Amino acid sequence: MKRIVVVGFSAAGLAAAETLRREGYDGTLTLVGDELHPPYDRPPLSKQVLSGQWDADRTALRTPEDLATLGLDLRLGAAATGLDPAARLVRLADGSTVPYDRLVIATGVRPRRLPGDGVAHVLRTLDDALALRERLKPGSRLVVVGAGFLGAEAAAVAWRLGVEVVLLEPAPVPLAHAVGTEVGQILSQAHRDHGVHLRTGVTVTGVTERGVRLADGELVEADEVLVAVGSLPNTEWLGGSGLPVADGVLCDEYCRAAPKVYTAGDVARWHNPLFGTPMRIEHRTNAAEQGMAAARNLLHPETGKPFAPVPYFWSDQYDMRIQAYGYLRGHDEVAVMEGDLSERRFVAAYRTGETLTGVLAVGMPPKAIRPWRQAIATGTPWHDALASNAL
């Protein structure tokens with residue numbers, strides 16, 4: 001094995017590259033990235049970068065000296081446009097091709113957009129965050145379309161900057177599909193308590209030069225518009241390759257999508273044996289962990305280990321730190337184990353079937369939620385979790 005190519009140079013791709021070197025691979029290691037920036041951290045974009053607390057350089061995941069020690073063949077600013085598994089070639093937008101013996105796909109996701117003739121911001125890249133930050137002036141009016149975690153974080157930052165914020169959400173209760181109705185209502189109330197104009201049950205059909213148009217014809221005026229309505233996995237470049245694609249690149253519990261091809265990060269839909277279900281996770285921690293797992297299994301397929309993590313994510317909104325372990329989607333029941341919902345200081349556990357599958361904490365110290373990770377990892381029965389009442 002003389003040539004490994006990693007397509008995608010964010011958290012997952014970087015973790016894969018570092019793991020390959022750490023595990024002893026000393027052949028050619030090509031990193032392909034569609035951005036010109038070296039790898040940087042994305043979670044701060046909607047928080048510290050957007051607020052102006054951090055400058056762009058602080059988001060770098062590694063120093064230039066650290067990257068140099070990896071001995072990489074870097075291909076930045078040249079997106080992958082095609083894959084030929086039979087010839088083991090990756091085609092790039094600049095017309096060149098890169099051969100490989102093994103391949104890691106870590107191409108991530110891109111924001112969904114809305115139609116219309118107006119200009120709308122999205123928030124995925126460093127350039128996106130800097131462009132929006134430049135436009136958020138005190139007294140201006142920002143309409144955020146989508147009250148998921150990204151939209152909610154951006155709304156909180158804009159409010160803190162003195163911007164009038166309108167937050168539009170099609171669901172009756174933001175995030176209810178993920179965290180449950182009661183918890184979703186509590187998180188939503190935080191926006192209203194801070195003076196953000198949260199409107200639920202409204203559908204935006206397009207962006208205009210003056211704001212956004214709703215399905216009933218109403219125009220919601222804005223100086224700036226941020227669209228935060230989810231993302232799409234970057235898989236178009238794999239068309240005709242024969243790789244299985246369905247809301248991400250499909251792979252097994254070893255992160256293997258095809259012979260000699262592995263997948264990691266936001267673009268990967270893999271079977272997580274811990275929960276017995278396929279999942280695609282768009283969280284920073286998962287991207288790094290999966291990049292490492294994919295690299296190890298690529299190098300040592302004969303002793304490969306299933307990637308079976310307890311997913312973790314966090315979000316900062318106003319004075320709230322939100323943390324969660326596990327897989328909360330599709331849950332059957334939510335129970336408050338500690339604290340009080342009305343005070344926005346609590347730990348809530350999630351049941352799927354008869355098993356504890358997730359836990360979410362708001363306004364609690366890390367030690368209040370950390371023990372629950374092991375309980376989820378060991379498949380603790382729900383009645384045992386209730387009996388322990390916080391382990």
Side-chain angles (χ1 to χ4, degrees), residues 42 45-47 49-52 109-125 127-232 282 315-320 322 344:
R42 295 188 191 276
L45 300 184
S46 58
K47 298 180 275 288
V49 174
L50 189 61
S51 68
V109 297
R110 66 186 184 281
R112 293 179 182 270
R113 297 178 182 267
L114 293 175
D117 54 9
V119 175
H121 297 270
V122 292
L123 195 46
R124 173 66 184 175
T125 69
D127 292 338
D128 291 336
L130 295 175
L132 179 57
R133 185 174 80 182
E134 181 66 23
R135 304 293 298 179
L136 293 181
K137 305 299 183 183
S140 62
R141 193 172 203 247
L142 172 70
V143 167
V144 180
V145 184
F149 284 110
L150 179 64
E153 288 175 355
V157 168
W159 168 83
R160 199 173 297 279
L161 293 175
V163 175
E164 180 187 358
V165 182
V166 179
L167 185 55
L168 304 177
E169 168 61 37
V173 178
L175 295 169
H177 66 288
V179 302
T181 300
E182 284 188 287
V183 174
Q185 288 172 334
I186 292 300
L187 298 181
S188 300
Q189 189 58 43
H191 296 296
R192 296 188 171 102
D193 289 349
H194 286 84
V196 168
H197 308 293
L198 172 61
R199 296 179 58 181
T200 60
V202 295
T203 300
V204 175
T205 57
V207 180
T208 77
E209 294 180 352
R210 296 171 54 198
V212 299
R213 184 76 62 183
L214 304 185
D216 63 4
E218 179 187 352
L219 174 68
V220 181
E221 294 188 345
D223 297 305
E224 305 295 332
V225 174
L226 170 63
V227 175
V229 292
S231 58
L232 295 167
E282 296 183 22
S315 177
D316 292 323
Q317 301 170 28
Y318 308 107
D319 56 350
M320 296 187 302
I322 304 165
R344 293 200 285 267

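Model, not experiment: these values are computed from the prediction. Sequence positions, counted from 1, serve as the residue numbers for this chain.
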So [Y] and [X], do their side chains get closer than 4.5 Å, heavy atoms only?
{"X": "Leu198", "Y": "Arg192", "value": "yes"}
{"X": "His194", "Y": "Val165", "value": "no"}
{"X": "Glu218", "Y": "Val202", "value": "no"}

Listed partners of [X] passing salt bridge (charged side-chain N to carboxylate O under 4.0 Å, His left out), at least two apart:
{"X": "Arg213", "result": "none"}
{"X": "Arg160", "result": "none"}
{"X": "Asp216", "result": "none"}

- Task: Indicate the ring-plane relationship of His191 and Tyr318, choosing parallel, tilted or perpendicular according to the 30° and 60° boundaries.
- Result: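 Judged by the thresholds at 30° and 60°, the geometry between His191 and Tyr318 is perpendicular.
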
Below 3.5 Å, can you tabulate the donor-acceptor pairs from side chains in residues 166-179 to any protein atom, sequence neighbours excluded?
from, atom 1, to, atom 2, distance (Å)
Glu169, OE1, Ala147, N, 2.8
Glu169, OE2, Ala171, N, 3.1
His177, NE2, Arg329, NH1, 3.4

- Worked check of side-chain contact (heavy atoms from CB on, under 4.5 Å) between Leu214 and Val204: CA-CA 4 Å; Leu214 304 185; Val204 175; 3.7 Å; yes

Heavy-atom pair of closest approach, residues [X] and [Y]:
{"X": "Ser140", "Y": "Arg135", "value": "OG-O, 4.1 Å"}
{"X": "Ser315", "Y": "Glu153", "value": "OG-OE2, 2.7 Å"}
{"X": "Leu150", "Y": "Ala228", "value": "CD2-CB, 4.3 Å"}
{"X": "Ala215", "Y": "Thr205", "value": "CA-CG2, 3.6 Å"}
{"X": "Val145", "Y": "Val229", "value": "O-CG1, 3.5 Å"}

- Task: To the nearest 0.5 Å, tell me how far Asp193 CG sits from Asp319 CG.
- Result: 10.0 Å

- Task: Could you grab the distance from atom CG of Leu226 to atom CG of Leu132, nearest 0.5 Å is fine?
- Result: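 If I round to the nearest 0.5 Å, the distance is 6.0 Å.
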
- Query: Asp128 side chain to Thr125 main-chain N or O, any donor-acceptor pair under 3.5 Å?
  - Reply: yes

- Check whether any side-chain N or O of Ser51 sits under 3.5 Å from a backbone N or O of Lys47 as a donor-acceptor pair, and report yes or no. yes

- Item | Residue among Arg112, Arg124, Arg110, Glu282 satisfying side chain to side chain donor-acceptor pair (under 3.5 Å) with Ser231 |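 The residue from Arg112, Arg124, Arg110, Glu282 that satisfies side chain to side chain donor-acceptor pair (under 3.5 Å) with Ser231 turns out to be Glu282.
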
Show me the donor-acceptor pairs, under 3.5 Å and distance only, between side chains in residues 115-123 and residues at least two apart or in other chains.
from, atom 1, to, atom 2, distance (Å)
His121, NE2, Glu224, OE1, 2.9

- Kindly determine whether Leu50 and Leu136 satisfy side-chain contact (heavy atoms from CB on, under 4.5 Å), including the steps that lead there. CA-CA 9 Å; Leu50 189 61; Leu136 293 181; 4.0 Å; yes

- Item | CA sep, side-chain torsions, deciding dist, call: Leu187, Met320, side-chain contact (heavy atoms from CB on, under 4.5 Å) | CA-CA 9 Å; Leu187 298 181; Met320 296 187 302; 4.2 Å; yes

- Start with the C-alpha distance between Ser188 and Thr200, add both sets of side-chain angles, then the distance that settles side-chain contact (heavy atoms from CB on, under 4.5 Å), and finish with yes or no. CA-CA 10 Å; Ser188 300; Thr200 60; 5.7 Å; no

- Considering residues at least two apart in sequence or located in another chain, which fulfil the side-chain contact (heavy atoms from CB on, under 4.5 Å) criterion with Glu134?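 Glu134: side-chain contact (heavy atoms from CB on, under 4.5 Å) contacts with Lys137.
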
- Query: Are more than 12 heavy atoms from other residues, nucleotides or ligands located less than 6.0 Å from atom CD of Gln189?
  - Reply: yes

- Residue Arg210 excluded, over 12 heavy atoms near CZ under 6.0 Å: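 12 or below, so no.
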
